[in-house]
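Step one of this worksheet: look at the structure below.
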Number of protein chains: 2
Amino acid sequence: MPGIADVARLAGVSKATASRALTGTGYVSEATRNKVRAAAASLNYVASTSAVSLSTGRTHNIGVVMPYLNRWFFAEVLEGIQVELLERGLDLTLYDAKPGTRGRQRIFDDYLARKRFDGLIAVGLEPDDNELERLVSIGFPVVSVVGSGDATTVVEIDDDYAARRATEHLVELGHRDIAFIGGGDATTQSAQVDRRRVSGYFNAMKAAGMSANARHIVSEVTLPGAYAAAVDALGDARTRPTAIVATCDEVAIGAIIAARRLGVQVPSDLSVIGIDDHEFAEMFSLTTLQQSPREQGRIAVERLLEHLEDPDLPTTVERLPARLVVRSSTAALDPRRTTGAIDRREADHAR
Amino acid sequence: MPGIADVARLAGVSKATASRALTGTGYVSEATRNKVRAAAASLNYVASTSAVSLSTGRTHNIGVVMPYLNRWFFAEVLEGIQVELLERGLDLTLYDAKPGTRGRQRIFDDYLARKRFDGLIAVGLEPDDNELERLVSIGFPVVSVVGSGDATTVVEIDDDYAARRATEHLVELGHRDIAFIGGGDATTQSAQVDRRRVSGYFNAMKAAGMSANARHIVSEVTLPGAYAAAVDALGDARTRPTAIVATCDEVAIGAIIAARRLGVQVPSDLSVIGIDDHEFAEMFSLTTLQQSPREQGRIAVERLLEHLEDPDLPTTVERLPARLVVRSSTAALDPRRTTGAIDRREADHAR
DNA sequence: TTGAAAGCGGTACCAG
DNA sequence: CTGGTACCGCTTTCAA
């Protein structure tokens with residue numbers, strides 16, 4: 001593999017000139033530039049990244065840390081980041097930091113310190129205090145997709161709004177007995193995203209004067225997990241809500257599949273709304289609050305590069321809006337059905 | 001950020017000694033080694049990867065190229081690779097090489113040549129001749145997970161066997177009208193994996209003397225794609241097969257969901273078998289041929305490191321067995337049902 | 001067992 | 001506009 005010295009020799013110029021010609025930095029005459037380029041091309045020359053990094057201090061590599069690779073949101077963000085980086089000639093080094101694993105520990109202890117990259121994108125990382133401290137003091141720009149706090153620059157959707165809007169949609173359809181399904185209960189260790197969404201739901205219920213009807217069906221935030229939780233929760237027709245807002249589409253779809261299994265018709269017996277606009281949303285006719293993780297990945301790269309350009313840039317928090325996409329998993333409450341927990345209890349007594 | 005010179009100074013030794021002490025190469029007395037280590041620790045010293053790479057020629061970084069990140073198989077393999085690399089202190093640089101994109105082209109044209117990594121793992125890449133040529137002549141070891149040919153070292157399951165075994169399982173249950181659903185028809189540009197699986201299916205049908213009944217329902221190899229294809233294909237009770245083997249679990253599940261929507265009972269009206277043992281398999285009680293992409297990722301790393309140790313090692317092809325996992329999406333053919341395309345046609349006449 | 005010094009392959013300053 | 005040269009931070013002979 002040829003070095004720049006070989007190129008220089010072949011072009012009949014010095015290493016310095018060859019470097020200038022190739023990188024585009026500094027003055028070089030058109031003529032020599034072409035000579036050098038031709039030489040480089042004929043030699044199939046590619047600059048060694050380590051040498052470039054060592055001498056410039058730039059790695060042209062971006063680190064990406066995320067706790068899951070196999071969930072829709074994360075995979076989409078990753079693809080968004082990848083496409084954008086590829087476009088700009090940057091490499092992507094990936095770290096899978098599953099909570100509670102030794103791997104995650106090593107990432108924070110060793111890998112991040114190696115400075116193999118110029119900047120870092122943390123996706124839904126939910127770092128604990130110790131980890132956050134490390135992230136912030138790491139010495140190069142960090143942007144978070146779905147952040148915690150504003151210690152770093154953040155790109156995310158407005159979770160509170162999304163959950164509120166979802167709940168409102170159901171309220172507008174006449175539902176009163178609306179449950180929330182997902183993670184994020186106060187007791188267990190759960191993701192901040194989920195907690196923000198639960199709270200958006202509770203806020204909306206309160207605003208509609210339906211706090212008393214509010215309830216949280218706790219479920220693992222995966223499709224099978226939600227299926228299992230929903231099979232349990234939707235079994236009894238007397239305690240079944242008329243509508244549910246799910247913390248994300250995977251959970252919503254798990255619930256829909258559970259409902260079908262139980263013979264509960266969606267949306268006539270049960271309305272379901274999610275958040276995401278997952279790739280499966282269409283086939284389940286899922287009404288949802290659409291977000292674009294891909295776009296968030298793209299924006300994260302953009303922000304990161306800005307911070308790379310100007311390290312003194314203040315950190316920012318960007319909250320993208322989620323858009324309501326109405327399909328047919330939600331419908332107006334059937335007037336023949338009982339309408340909410342309280343009414344239902346009265347109805348029970350009346351029997 | 002301190003350099004090795006700082007460590008050396010603090011420990012009162014030369015750079016050379018410090019380096020030896022830290023890397024474990026060459027003779028250093030216990031005493032000085034400890035001094036150096038202490039100094040490094042107190043300074044929070046971490047060697048610059050670019051400097052190490054430049055001087056040793058090793059990047060301690062592995063490249064991973066795959067065409068999809070958001071499909072189960074790929075995400076699982078990636079996680080398997082990641083875990084193994086993390087364990088060994090190696091970094092992972094990821095390239096998302098979607099077929100037909102400019103990004104893919106750039107990966108092959110520019111990125112791979114930068115030698116940012118010591119070795120490459122290509123997952124389900126299905127390179128065209130030109131790309132394969134590049135891959136092989138790249139100058140460092142390459143191992144493929146799901147390979148094409150044996151130009152590189154390969155780790156994969158035996159697709160032909162998996163599809164055959166799946167088909168045989170249905171045959172053993174008394175089915176005669178068994179269709180295959182998935183990509184891989186000869187006409188369109190499709191993945192080799194799928195083609196190998198179709199052919200396994202056809203082989204098994206032939207071996208069972210049921211070639212005449214064999215048919216291929218062409219479907220996109222995604223869950224929603226399979227759902228759409230299955231809704232079309234399973235609608236008419238008279239042409240509906242009694243069993244289907246799906247090219248993978250995502251397709252199988254798409255088909256099951258379609259069947260449910262159409263009111264077709266699985267397994268009493270229709271048996272479905274897949275290949276994978278996907279994370280959703282359990283919740284759909286899917287009978288399948290189990291493979292472990294994670295394990296394949298792990299093995300790929302192992303092989304790659306062997307080739308890194310000894311560049312002269314011959315390439316190998318490793319085909320892991322898939323194991324039949326029987327759940328309840330398959331059942332013995334209901335004797336009241338007609339049994340196969342030919343018989344059915346006769347039955348139609350009889351009416 | 002340790003230290004001095006020569007690279008690894010570029011970039012960038014400074015002089016010409 | 002071009003060439004000489006120091007240096008990026010570490011490893012690795014080679015001598016001591």
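Letters go in sequence order (proteins before strands), and every chain restarts at 1.
Between B:L54 atom CG and C:dC8 atom C1' there is a gap of 4 Å when expressed in whole angstrom units. If you measure from atom OH of A:Y27 to atom P of C:dA15, you get 18 Å, rounded to the nearest angstrom. Rounded to a whole Å, the CD1 atom of A:I4 is 19 Å from the P atom of C:dG7. The distance between atom CZ of A:R114 and atom C1' of D:dC10, rounded to the nearest whole Å, is 15 Å. Spacing between atom CZ of A:R9 and atom P of D:dG3 amounts to 14 Å, rounded to whole angstrom units. Spacing between atom NZ of A:K15 and atom P of C:dT11 amounts to 10 Å, rounded to whole angstrom units. The separation between B:L22 atom CG and D:dT11 atom P is 8 Å, rounded to whole Å. Whole-Å rounding puts the B:E30 CD to C:dT2 P distance at 11 Å.
A close approach under 4.0 Å does not occur between any side-chain nitrogen or oxygen of B:T56 and OP1 or OP2 of D:dT11. For the pair B:S14 and C:dG3, the criterion of a side-chain N or O lying under 4.0 Å from OP1 or OP2 is met. Note on B:S19: a side-chain N or O is less than 4.0 Å away from OP1 or OP2 of D:dT11. Neither OP1 nor OP2 of D:dC10 sits under 4.0 Å from any side-chain N or O of B:S50. OP1 or OP2 of C:dG10 sits under 4.0 Å from a side-chain N or O of A:Y45. In terms of phosphate contacts, B:T25 brings no side-chain nitrogen or oxygen within less than 4.0 Å of OP1 or OP2 of D:dT11. For C:dT2, one of the phosphate oxygens OP1 or OP2 lies less than 4.0 angstrom from a side-chain nitrogen or oxygen of B:S29.
Side-chain proximity of A:A16 to C:dG3, D:dC10, D:dT5: nearest is D:dT5. Side-chain proximity of B:S48 to the nucleotides C:dG3, C:dA12, D:dC10 is greatest for D:dC10. Comparing D:dC10, C:dT2, D:dG3 against the side chain of B:T32 picks out C:dT2 as the nearest.
Within the 4.5 Å cutoff, no side-chain heavy atoms of B:D96 are placed close to those of A:L86.
Between A:R9 and A:D6 a salt bridge is recorded (basic side-chain N to carboxylate O distance below 4.0 Å). Contact check on A:R134 versus A:D109 returns a salt bridge, with a Lys/Arg side-chain nitrogen under 4.0 Å from an Asp/Glu carboxylate oxygen.
Where A:R20 and B:A51 each meet DNA chain D at their nearest nucleotide, the meeting point lying more 5' is that of A:R20.
Shown here is A:D129, whose CG atom has no more than 12 heavy atoms of other residues, nucleotides or ligands within 6.0 Å.
At the heavy-atom level, A:T23 lies under 4.0 Å from the strands shown only through sugar-phosphate atoms.
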- prompt: Taking it one step at a time, do A:D91 and B:T93 satisfy side chain to side chain donor-acceptor pair (under 3.5 Å)?
  reply: CA-CA 7 Å; A:D91 278 311; B:T93 293; 5.9 Å; no

